[in-house]
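Notes follow once the structure below has been shown.
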Amino acid sequence: MGQVNAASPVLALAQVRFRWPGAARDVIDIDELTLAAGQTLFLRGPSGCGKSTLLSLAAGVQLAGSGTASLLGRSWSGLSASARDRQRAAHIGYIFQQFNLLPYLSVLDNVLLPCRLSAPRAARAGANPAAQRARAEQLLGQLGLGEVFWSRRAVQLSVGQQQRVAAARALIGAPELVIADEPTSALDETLRESFMAVLLQACADAGSALLFVSHDTRLAAAFDRQLDLPSINRAAADSEVAA
Ligand SMILES: Nc1ncnc2c1ncn2[C@@H]1O[C@H](COP(=O)(O)OP(=O)(O)OP(=O)(O)O)[C@@H](O)[C@H]1O
């Protein structure tokens, strides 16, 4: 998976339009959006303005109808489905609103999953399985989940604990891009603050860029950039006028 261009932005969208199958109108119409290496971007906007859709395009889960969405200089549209899967596993960590842990795997095995799915991620996490495991434990510890949790099944954790496991899983192996969709929605105020501090620090340590969607504008000040999606997404502006 070495075929990426380190000089390119982590993420670049150019003239991207996207319409969900069967929909009457585009949901995304963006001239340009770039995210530089290590940059943190807070993305906000009203419900339905296309934030999650944009994340899907950034991650190559959905492909642009026209225009180009590129990760590390490679257009997602130029890759086969299996190459997109490999590219995603090697270079992107996700934290979803619904965190999608594997419920019957242990906390540690959930965190180590990206290393099982991607050799480049595994190599960056540690030179061998023991080192990768130590890195997983270290991330969990930083996120406030001590040893007592490591062998528990994910299903046995509270929602806030699961969200922190999802963050450790996203961060292991220092992916160039971390995508987070409302990752603090299940956390109380104290946990939210410590979660954000650890997430931003871990991204800085790893050199990961962070694309972070939230309705919680109190979090925005800690980011390098803040962006209101309707200000760059013509399709969102259209839909608001029509609503
Ligand atoms: N899988 C899908 N199939 C068809 N339409 C979809 C799909 N996902 C989202 N949409 C539509 O695309 C538009 C944008 O949805 P999206 O989830 O991207 O918005 P959002 O800004 O993330 O909203 P929220 O803040 O409520 O999560 C909405 O009109 C939605 O109905």
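Given the structure is predicted, the values throughout are model-derived calculations rather than measurements. Both counts, for ligands and for their atoms, begin at 1 and track the order of listing.
Annotation: atom 29 (O) of ligand 1 to nearest protein heavy atom, Gly48 O, 4.4 Å. Protein heavy atom in closest approach to atom 1 (N) of ligand 1: Trp20 CZ3, 3.4 Å. Counting only heavy atoms of the protein, atom 17 (O) of ligand 1 lies nearest to Ser52 CB, 3.7 Å. Scanning all protein heavy atoms for the shortest distance to atom 13 (C) of ligand 1 gives Val27 CG2, 3.4 Å. Distance from atom 18 (O) of ligand 1 to its nearest protein heavy atom, with residue and atom name: Thr53 OG1, 2.6 Å. Nearest non-hydrogen protein atom to atom 26 (O) of ligand 1 is Ser47 OG, 2.6 Å. Residue, atom and distance of the protein heavy atom nearest to atom 25 (O) of ligand 1 are Lys51 NZ, 2.7 Å.
More than 12 heavy-atom neighbours from other residues, nucleotides or ligands sit within 6.0 angstrom of CZ on Arg19. Surrounding CZ of Arg124 are more than 12 heavy atoms belonging to other residues, nucleotides or ligands, all under 6.0 Å away.
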Decide side-chain contact (heavy atoms from CB on, under 4.5 Å) for Val61 and Arg84; before the verdict, give the C-alpha distance in whole Å, the side-chain angles of both, and the deciding distance to 0.1 Å. CA-CA 8 Å; Val61 173; Arg84 289 200 305 273; over 6 Å; no
Under the side-chain contact (heavy atoms from CB on, under 4.5 Å) criterion, do Thr68 and Val16 qualify, and how do the steps go? CA-CA 6 Å; Thr68 312; Val16 168; 5.5 Å; no
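Ligand 1 does not have Ala23 within reach: every non-hydrogen atom of the residue lies 4.0 Å or more from it. Heavy-atom separations between His215 and ligand 1 include at least one value shorter than 4.0 Å. Distances from ligand 1 to the non-hydrogen atoms of Pro46 include at least one value under 4.0 Å.
Under a 4.0 Å N-O distance rule, the pair Arg44/Asp216 does not qualify as a salt bridge.
Shown here, atom 31 (O) of ligand 1 is out of close reach of the protein: none of its heavy atoms lies under 4.0 Å off. Atom 6 (C) of ligand 1 lies below 4.0 Å from at least one non-hydrogen atom of the protein.
Taking the six-membered ring where the residue is Trp, Phe212 and Phe42 present parallel rings, their angle staying beneath 30° rather than reaching 60°.
The two atoms that bring Arg225 and Thr34 nearest to each other are NH1-O, 2.6 Å, heavy atoms only.
Panel note: side chain Asp181, backbone Phe96; no donor-acceptor pair is recorded below 3.5 Å.
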